**Student:** 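The structure follows.
Naming convention: chains lettered A, B, ... in sequence-line order (proteins, then strands); numbering from 1 in each chain. Nothing here was measured: the structure is a model prediction, and the numbers come from that model.
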There are 2 protein chains.
Amino acid sequence: MENQVHFNARIEGINYDILDDLVGYAVRRAQLSIYEDFAASLAAEDITPQRFSSLVIIGNNPGISQTRLAEVMGIARSGVVSIIDRFEASGLVERQASGDRRSYNLHLTKEGQKQLKRYKKAVENHDSRISSALSASEKQQLKSLLRKIGLREEDR
Amino acid sequence: MENQVHFNARIEGINYDILDDLVGYAVRRAQLSIYEDFAASLAAEDITPQRFSSLVIIGNNPGISQTRLAEVMGIARSGVVSIIDRFEASGLVERQASGDRRSYNLHLTKEGQKQLKRYKKAVENHDSRISSALSASEKQQLKSLLRKIGLREEDR
DNA sequence: TATTGTTATACTCTATAACTATA
DNA sequence: TATAGTTATAGAGTATAACAATA
């Protein structure tokens, strides 16, 4: 057996130089430790941040098409195919016929709604845990600052 | 030709439900748009956030071993091998003999130092661009809040 | 002609585990 | 026995491009 891989934001005795000044690196670091906790928290479930987001989007935007979902997730349409194939196989999502016979309307099944409820609780717990060093107002502030990232002139 | 994949943080008319409340999702979103800008900014160079970080760490911690670098980066030792192989092939990093003949001391070459300087400028520009909607103090605040993420009781 | 979903394919990243040489 | 680096291998995730059916 080999040693486990684990991301530790800060290693004693290492000079991080410019990395400490970069907003991008701080975000990346945070993201890695969040992902690690997410994976550990939901190891028992067949879910990832990506798949969880898809399920939430489908659940709250019933009838959405695969192309639109791809656009929301920022991934290629081909990627959505495998995500939905998987959900369909596990009975969480249905491809329903739409007026346009080229496309499907995506819907959660009863089982999908039930599972999503469970996942949401687990994800909420995970999110509280990783942000437990922040007060409610700090969390709000953090989210608001993060939303300003990547905004271009014309978006402000 | 197909349509380009692009992550748009917020799509008109979509209900994001719980995703809007999660700190983790906000971080993920920000990370995606940062990564996209990084890739676009440094497309001409053979560099990624991961490789850039490695170079900075080696440059500022000369003589570091591959195992230690793996630990700092939070990746497997096998991953470091290919990163260093690549840098060695392009003449940016050298594996130097250490006292312990099982391990190497990693160093930047002259060329590596020169390139790192260039990369740093490009990355600084990129970082300013993605955070240009934030004031200096907001940037500082954001970094400070991000550093609190994932902290456990005993680390505070 | 353009669009939707699909498939084929390939590339990157990363992990695990076994190996070797050294300690 | 343990450690550093290496190799082989495999699994995600994602992209591009071409295709069939439909608009």
**Student:** Specify the closest pair of heavy atoms between A:Arg10 and A:Tyr16, including all atoms of both residues, with the distance to one decimal.
**Tutor:** NH1-CD1, 3.3 Å
**Student:** Rounding to a whole Å, what distance do you find between B:Ile84:CD1 and D:dT6:P?
**Tutor:** 9 Å
**Student:** At their closest point, which heavy atom of B:Asp127 faces which heavy atom of A:Gly24, and how far apart are they?
**Tutor:**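 What the structure gives for the nearest pair is OD1-N, 2.8 Å.
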**Student:** What's touching nucleotides 11-15 of chain D from the protein side, N or O pairs under 3.5 Å?
**Tutor:**
residue: D:dG13; atom: OP2; partner: A:Arg51; partner atom: NH1; Å: 3.4
residue: D:dT14; atom: OP1; partner: A:Gln50; partner atom: NE2; Å: 2.7
residue: D:dT14; atom: OP2; partner: A:Gln50; partner atom: NE2; Å: 3.0
residue: D:dA15; atom: OP2; partner: A:Ala76; partner atom: N; Å: 2.7

**Student:** Looking only at heavy atoms, what is the nearest atom pair of A:Phe38 and A:Ile47, with distance?
**Tutor:**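 In this case the closest contact between A:Phe38 and A:Ile47 is CE2-O, 4.1 Å.
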**Student:** Cut-off 3.5 Å, no hydrogens considered: what does the side-chain donor-acceptor table look like for residues 139-147 of chain A, sequence neighbours left out?
**Tutor:**
residue: A:Lys143; atom: NZ; partner: B:Asp21; partner atom: O; Å: 3.1
residue: A:Arg147; atom: NH2; partner: B:Asp20; partner atom: O; Å: 3.0

**Student:** Take the protein atom CG of A:Leu69 and the nucleotide atom P of C:dG5, then report the distance between them rounded to whole Å.
**Tutor:** 10 Å
**Student:** Write down the distance between CD (B:Glu88) and C1' (D:dT6), rounded to a whole number of angstrom.
**Tutor:**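 Spelled out: CD on B:Glu88 to C1' on D:dT6 is 13 Å.
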**Student:** Work out which heavy atom in B:Ile34 is nearest to a heavy atom in A:Ile149; give both atom names and the distance.
**Tutor:** CG1-CG2, 3.7 Å
**Student:** With a 4.0 Å limit, can you tell me whether B:Arg68 has a side-chain N or O closer than that to the phosphate oxygens OP1/OP2 of D:dG5?
**Tutor:**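 No.
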**Student:** Can any side-chain N or O of B:Ser131 pair as donor or acceptor with the backbone N or O of B:Leu134 at less than 3.5 Å?
**Tutor:** no
**Student:** Separation of A:Asp85 atom CG from C:dA8 atom P, in whole Å?
**Tutor:** 12 Å
**Student:** Using a distance-only test with no angle check, is there a side-chain donor-acceptor pair under 3.5 angstrom linking A:His107 and A:Glu94?
**Tutor:**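 No donor-acceptor contact under 3.5 Å links the two side chains.
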**Student:** Can you give me the N/O atom pairs linking the protein to nucleotides 20-22 of chain D at distances under 3.5 Å, or say none if there are none?
**Tutor:**
residue: D:dT22; atom: OP1; partner: A:Arg101; partner atom: NH2; Å: 3.2

**Student:** Side chains of A:Arg118 and A:Gln115 only: does a donor on one sit below 3.5 Å from an acceptor on the other?
**Tutor:**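 Note: A:Arg118 and A:Gln115 side chains meet the donor-acceptor criterion.
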